[in-house]
Amino acid sequence: MSKNLVIVESPAKAKTIEGFLGKDFTVRSSFGHVRDLKKKGLSVDVDNNFEPEYEVSPDKVKVIAELKALVKKSDVIWLATDEDREGEAISWHLEESLNLKDKDTKRIVFHEITKNAIAKAIENPRKIDYRLVDAQQARRILDRLVGFGISPILWKKIKPSLSAGRVQSVTVRLIVERERDIQNFKEEVSYRVTGVFDIKGKSFKAELSKRFKALEEAREYMQACVDASFSVGDLEVKPAKKSPAAPFTTSTLQQEAGRKLGFSVARTMTVAQKLYEEGNITYMRTDSLNLSDTAINAAKAEISSSYGAEYSNPRKFTAKTKGAQEAHEAIRPVDMSRKAVKGDSSAQRLYDLIWKRTLASQMADAQLEKTKVTIDAKGSNILNTASFVGRGEVIKFDGFLKVYMEGTDDDQEEKEAEGLLPAMNKGDSLGRQIITATQRFSNHPPRYSEASLVKKLEELGIGRPSTYAPTISTVQKRGYVVKEDREGHQRQYNLITLDNKGLNESVATETTGTEKSKLFPTDIGIVVNDFLVENFDKIMDYDFTASVEKQFDDIAEGQLKWTTMLKDFYTGFNTSLEDVLENSDRATGERELGEDPKTGKPIIARIGRYGPMVQIGSPDDEEKPQFASLRAEQSITNITLEEALDLFKLPRKVGMYEDADITAAVGRFGPYLRHKSAFYSIKEADGDDPLSIKLDRSIEVIEAKRKADREKLIKTFDEDADMQLLNGRWGPYLKVGKNNFKLPKDTEPTELSYDDCLKIMKEAPEKKGRGAKAAAPKAAVKKPAAKKKTTAKKKPKKK
DNA sequence: CAGTGAGCGAGCTTCCGCTTGACTT
């Protein structure tokens with residue numbers, strides 16, 4: 001019988017460690033935090049030293065029950081949660097909710113999961129560090145105060161259900177401000193001159209050291225080149241080196257997988273989680289650059305045997321990121337000699353990336369030789385105002401480049417790959433093949449991708465490895481930000497070429513401004529952000545998190561009392577909450593578009609109760625104002641008067657079919673047709689538009705939908721017209737009225753009788769949470785009673 | 001699931017950070 005219970009945070013870790021410890025040890029996991037502030041309400045007594053009200057998280061009730069049973073059977077409890085603020089707090093919450101006795105409880109930490117490290121940890125137990133716990137409580141409570149303090153103000157002043165928080169609101173701010181920078185960007189025009197020269201049959205590229213502002217200047221210079229003679233001027237050869245990037249952290253893994261594999265941040269984490277659970281990589285939520293000695297030695301061995309000892313260069317990297325807590329190692333393969341893993345292609349590719357990055361980080365620098373040639377031009381005086389420069393780069397020793405090179409975020413359209421320059425000597429004359437002057441435009445700052453946003457957040461010290469991916473999905477779920485592709489537009493540019501046929505001027509076209517999977521702010525995002533920046537500048541400051549983090553550190557070091565810190569913050573914060581609630585105006589992002597040609601009344605675009613909308617007239621007028629929602633692709637900032645007027649043309653009568661009207665309109669879920677109280681979605685992608693769709697096409701859409709519905713239908717019943725067996729996305733299912741039911745495994749739907757279906761209905765498990773929407777209105781009359789019932793029913797389900 | 005936007009008032013929404021499955025029409 002085992003007398004020791006070890007509790008870690010992750011089940012995969014528990015499994016590994018159990019193997020290292022003898023059979024006197026049982027290892028279990030807490031699955032992260034087990035207790036939190038109560039879900040409902042503030043649950044912080046601000047008048048009583050910020051006394052928090054904790055509860056075991058609903059999804060951890062079972063975990064705690066199981067652990068409690070194991071505690072009873074054990075003599076010593078080892079709390080082996082991560083060695084950081086959150087981990088220390090988890091240990092404390094475990095101690096509290098499992099009623100652990102001080103004398104039987106030991107706190108241990110380890111940084112790598114090896115038999116040795118764990119044995120060492122067991123030999124060196126300590127007590128829970130309550131100062132660190134206090135720092136975590138301050139962090140948790142501050143976030144609750146901010147989130148639950150500001151969000152309700154947004155419900156009143158802008159729109160219900162909105163949210164604000166220390167992390168998400170600043171994230172949205174980054175995106176809104178970047179979009180403004182882009183809108184206000186004034187592009188600069190210049191002329192870039194490049195030439196291809198040759199010597200002894202070999203050619204190379206060179207670029208003029210200066211750009212011209214005006215076409216006229218470029219023309220003048222090109223003209224001078226016609227009769228110029230070119231020769232080799234200065235030649236410079238310089239050694240250079242490149243060093244490998246550090247091993248992966250969560251943030252750099254997300255960035256690199258985005259750049260090289262095209263993964264979203266969420267997908268990277270899902271795939272990494274799987275690799276971790278299968279024992280292929282170390283923990284994937286980390287901000288540490290550290291590799292264990294075991295890993296460094298394994299990399300050294302792998303490099304020496306595969307590439308030779310001269311390729312090995314063991315290195316230690318140290319974290320430079322704000323607020324790094326380093327409870328884990330960097331993300332690396334568990335076994336460096338495992339060059340590939342089984343699994344789907346996502347897993348294989350991500351593993352390959354991690355393997356290469358880790359290996360490269362332990363490899364020698366690459367040695368390069370950079371050459372630079374400056375070309376002399378003789379002829380007209382204007383040629384002396386600038387000179388062509390050619391650059392070459394040769395790799396003398398490839399070092400880490402043999403396996404891996406980090407990607408970049410810049411779309412560098414103009415950077416040419418640098419190759420080897422031909423052999424030449426000072427004074428050699430050069431042939432001119434072609435010289436081109438091209439009109440170029442400066443680029444606006446780039447929009448954020450998910451990965452570049454994560455990079456920015458990490459730089460600012462905002463959020464943690466475990467929250468980057470959820471934060472990005474939160475701001476999208478709240479409708480503050482959308483991830484989209486945008487089509488570019490055509491742009492013309494001037495081109496002057498000089499080749500053996502002489503000078504030639506032309507105009508060419510290019511596509512510019514194409515965006516793929518970039519983050520854009522929505523109207524709501526913009527209005528909420530502006531409201532918050534105006535009224536809560538302190539919390540919206542990019543340095544707010546960094547400054548509270550410093551205070552959390554002071555708490556952890558025992559130099560500051562956590563209640564004092566919260567009190568200092570809350571006094572001012574609460575005053576501003578009250579002030580804003582009382583004195584600030586409703587924020588609607590209102591913009592006047594012009595006048596309605598029919599009535600002469602003003603038309604405005606603004607945020608309404610249900611989102612962005614346009615409105616003719618005001619409620620003060622004798623006649624009621626008219627309203628219409630904006631389409632998904634429209635925005636308050638861009639919509640024109642004409643587009644707004646179009647919105648009021650709906651709903652529109654398309655024609656008659658089967659003795660009933662067909663009308664076209666746009667609803668909450670996009671454009672649709674309505675016929676005999678049935679709805680038929682139409683898509684712009686199919687070339688259908690509610691403003692212009694014709695009768696014959698509408699009939700086509702209706703008939704297509706009817707056909708699809710017929711194919712979906714498996715069986716109906718005479719006993720109940722509302723009951724149907726249908727084919728859905730996940731196979732056959734039973735539909736009764738508005739409720740859907742899963743069929744038991746291995747059921748042949750065509751053979752089900754009416755009674756069978758009734759049975760399936762009755763035996764269906766209770767729907768939980770969000771799924772029960774359809775039933776809600778009926779229960780509305782007896783809400784309090786109905787509510788108790790559902791919570792009571794939930795429990796047996798969790799057995 | 002589908003045209004809502006006056007104002008009232010019920011009751012609801014909301015935070016960040018730690019960890020995985022269960023579940024979807």
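So that the names make sense, note that chain A is the first sequence line, chain B the second, and so on, each numbered from 1. Reckoned from all heavy atoms, side chains included, excluding hydrogens, waters and symmetry mates.
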Quiz item: Looking only at side chains, do A/Ser163 and A/Arg478 share a donor and an acceptor under 3.5 Å apart?
Solution: yes

Using atom names, set out every protein N or O paired with an N or O of nucleotides 7-10 of chain B below 3.5 Å, distance rounded to 0.1 Å.
none

Quiz item: For DNA chain B, what are the stems built from at least three Watson-Crick or G-U pairs in a row, each pair having both distances below 3.5 Å?
Solution: none

Exercise. Provide, to the nearest angstrom, the distance between the CZ atom belonging to A/Arg139 and the C1' atom belonging to B/dC16.
Key: 5 Å

Practice problem: Looking only at side-chain atoms of A/Arg464, point me to the closest of B/dA2, B/dT20, B/dG17. | Solution: B/dG17

Practice problem: Kindly write out the residues that satisfy side-chain contact (heavy atoms from CB on, under 4.5 Å) with A/Phe679, not counting sequence neighbours, or none if the list is empty. | Solution: A/Tyr672, A/Arg674

Exercise. Could you list the residues that satisfy side-chain contact (heavy atoms from CB on, under 4.5 Å) with A/Glu86, not counting sequence neighbours?
Key: A/His33, A/Asp84, A/Gln136, A/Arg139

Quiz prompt | Separation of B/dG17 C1' from A/Lys60 NZ (nearest whole Å) | solution = 11 Å

Exercise. For B/dT24 and B/dC1, measure between their P atoms and round to the nearest Å.
Key: 16 Å

Self-check item: Partner set under side-chain contact (heavy atoms from CB on, under 4.5 Å) for A/Leu691, not counting sequence neighbours
Solution: A/Asp646, A/Lys649, A/Leu650, A/Asp689

Exercise. Taking side-chain contact (heavy atoms from CB on, under 4.5 Å) as the test, write out the residues that go with A/Thr270, two or more places apart.
Key: none

Exercise. Whole angstrom is fine here: how far is it from CD1 in A/Ile702 over to P in B/dA2?
Key: 18 Å

